[in-house]
Amino acid sequence: MNDVGLQHTNTSESFAYQGVVDALKDQFGFDFVAVGLVPFEGAPLRWEYTAGATNFCYRRIMLAPGHGIGGIVIKSGKPMVCGNIETEIDPREYSSYPIVFAEDLHSFLTVPLLREGRVAGALLCAFRTANAAVVGLVQEVVAATQGRVGPLDIYAAEILGLEALLAENQSARTDLFVGTSHIGKIVTAQEEERRRISRELHDGVAQELLALSFNLKQIEATLPADVSPGLFEEPPARLDLIMDQVRHLSVELRPSTLDHFGLLPALRTQAAMLQNTYGTTISIEAPEEISRFDHAFETQIYRICQEALLNACKYSGVERISLRVTHKNGWIEALVEDTGCGFSTEAPVVRGTGCGIDGMMERAQLIGGTLDIQSNDNGTSVRLIAPMGKPLEQVQTPKAKVD
């Protein structure tokens with residue numbers, strides 16, 4: 001799949017950007033240097049040229065103006081510096097810093113890049129350790145590059161610390177959360193309704209069916225000897241099947257495991273159930289324990305993973321699917337992968353309700369996360385990176401058996 005963001009640069013500009021990135025890393029000893037570009041005003045920023053990257057996650061990051069390090073810089077048009085992310089950034093409070101998570105950055109400087117007076121990109125220079133001296137490196141970087149990155153001009157006036165820059169963008173963030181708060185209430189109400197129906201199915205309908213099954217067995221035991229022995233064989237078997245379907249539906253609506261034990265046990269239970277239903281082996285790579293965090297965040301992450309696993313089971317045509325969950329510094333990453341037939345992410349064939357991908361995207365945005373879906377003939381990957389929200393207690397996560 002081609003990177004759309006590269007379409008607005010020519011070959012000579014690409015060499016110029018990459019040359020500056022490599023030179024800055026070598027000269028100053030930065031662990032990670034990147035240039036992100038904005039093809040037109042209002043478009044998202046993408047990190048397109050890098051040095052020191054540990055993986056290719058940066059290619060999938062798209063930052064709307066005002067979101068993430070690059071997005072805040074292109075919106076404000078001012079440089080941003082941070083000497084220690086652990087003391088200056090609370091990822092549970094702000095919307096999204098995916099490059100920090102992807103590259104494990106702990107200090108950085110970011111400056112806007114201008115083309116004819118318009119912010120057209122951002123330059124990020126970072127360390128993977130805390131480094132208060134990074135604040136003093138801004139002017140040195142400007143001098144080393146002679147104020148230019150390829151065809152773009154560096155704007156380094158009005159250097160702001162992270163807290164000041166975030167405060168300046170408070171109104172934009174407030175608008176975002178005001179817009180999503182109503183959606184959040186709707187989602188919460190939907191989950192409460194799911195929970196209520198799930199309990200009614202489990203505690204009401206399922207129990208009544210179980211009682212009916214016992215009654216049939218009692219009737220069978222009192223029948224005369226001359227009654228056909230096969231007469232009552234089919235009804236109990238059908239009742240057992242119906243009870244399994246009711247339990248399955250109850251878990252699909254709202255697994256009690258999610259409320260009582262948290263995200264990972266709920267995902268393991270879901271994987272086991274999908275495996276029994278579709279015959280697909282689901283391997284899970286996850287930590288033994290993870291902090292419980294805000295129930296609303298846990299629910300959205302669970303629903304995204306649930307949908308991704310279900311789609312893979314239904315449509316990938318493979319016998320094995322993988323789910324990997326990692327977390328660090330208040331962020332969580334969930335990756336669902338398969339090696340199946342894939343699909344067109346630009347024009348997917350609508351199956352079922354056709355709301356699965358859109359629903360996952362909306363849930364990711366609601367919790368300030370980023371969702372990247374890559375698919376081709378070699379398979380599909382669905383990657384979610386999101387803040388973990390307000391922490392609760394540290395708990396040991398019991399494993400559900402996934403054979």
(request) Could I get the full list of side chain to side chain donor-acceptor pair (under 3.5 Å) partners for S381, not counting sequence neighbours? (result) none
(message) Is it the case that the side chain of R383 and the backbone of I373 share a donor-acceptor pair, with hydrogens and angles ignored and the cut-off at 3.5 Å?
(response) no
(message) Can you confirm whether the side chains of D372 and Q374 place a donor and an acceptor under 3.5 Å from each other?
(response) yes
(message) Just to verify, which of K25, H106, R128 counts as forming a side chain to side chain contact (heavy atoms under 4.5 Å, CB included) with D31?
(response) R128
(message) Checking side-chain polar atoms at under 3.5 Å, does E103 have a donor or acceptor matched by the opposite partner on T54?
(response) yes
(request) Determine, step by step, whether F127 and F108 satisfy the ring pair (Phe, Tyr, Trp, His ring centres under 6.0 Å) criterion, reporting the C-alpha distance in whole Å, the side-chain angles of both residues, the deciding distance to 0.1 Å, and the verdict. (result) CA-CA 6 Å; F127 297 102; F108 62 85; over 10 Å; no
(message) So, applying side chain to side chain contact (heavy atoms under 4.5 Å, CB included) with L124, which one of L109, V33, I99 is it?
(response) I99
Compile the donor-acceptor pairs under 3.5 Å between side chains in residues 141-151 and protein atoms, sequence neighbours left out, one pair per line.
residue : atom : partner : partner atom : Å
T145    : OG1  : V141    : O            : 2.9
T145    : OG1  : V142    : O            : 3.2
T145    : OG1  : G147    : N            : 3.4
R148    : NH1  : D153    : OD1          : 2.4
R148    : NH2  : P151    : O            : 2.9

(message) Treating E307 as the side-chain partner and M360 as the backbone partner, does any N or O pair qualify as donor plus acceptor under 3.5 Å?
(response) no
(message) Within this structure, what is the CG-CZ distance for the pair L37 and R46, rounded to the nearest 0.5 Å?
(response) 11.0 Å
(message) To the closest 0.5 Å, what do you measure between CD (Q306) and CD1 (I301)?
(response) 13.5 Å
(request) Working to the nearest 0.5 Å, report the span between CG of D338 and OG of S375. (result) 7.5 Å
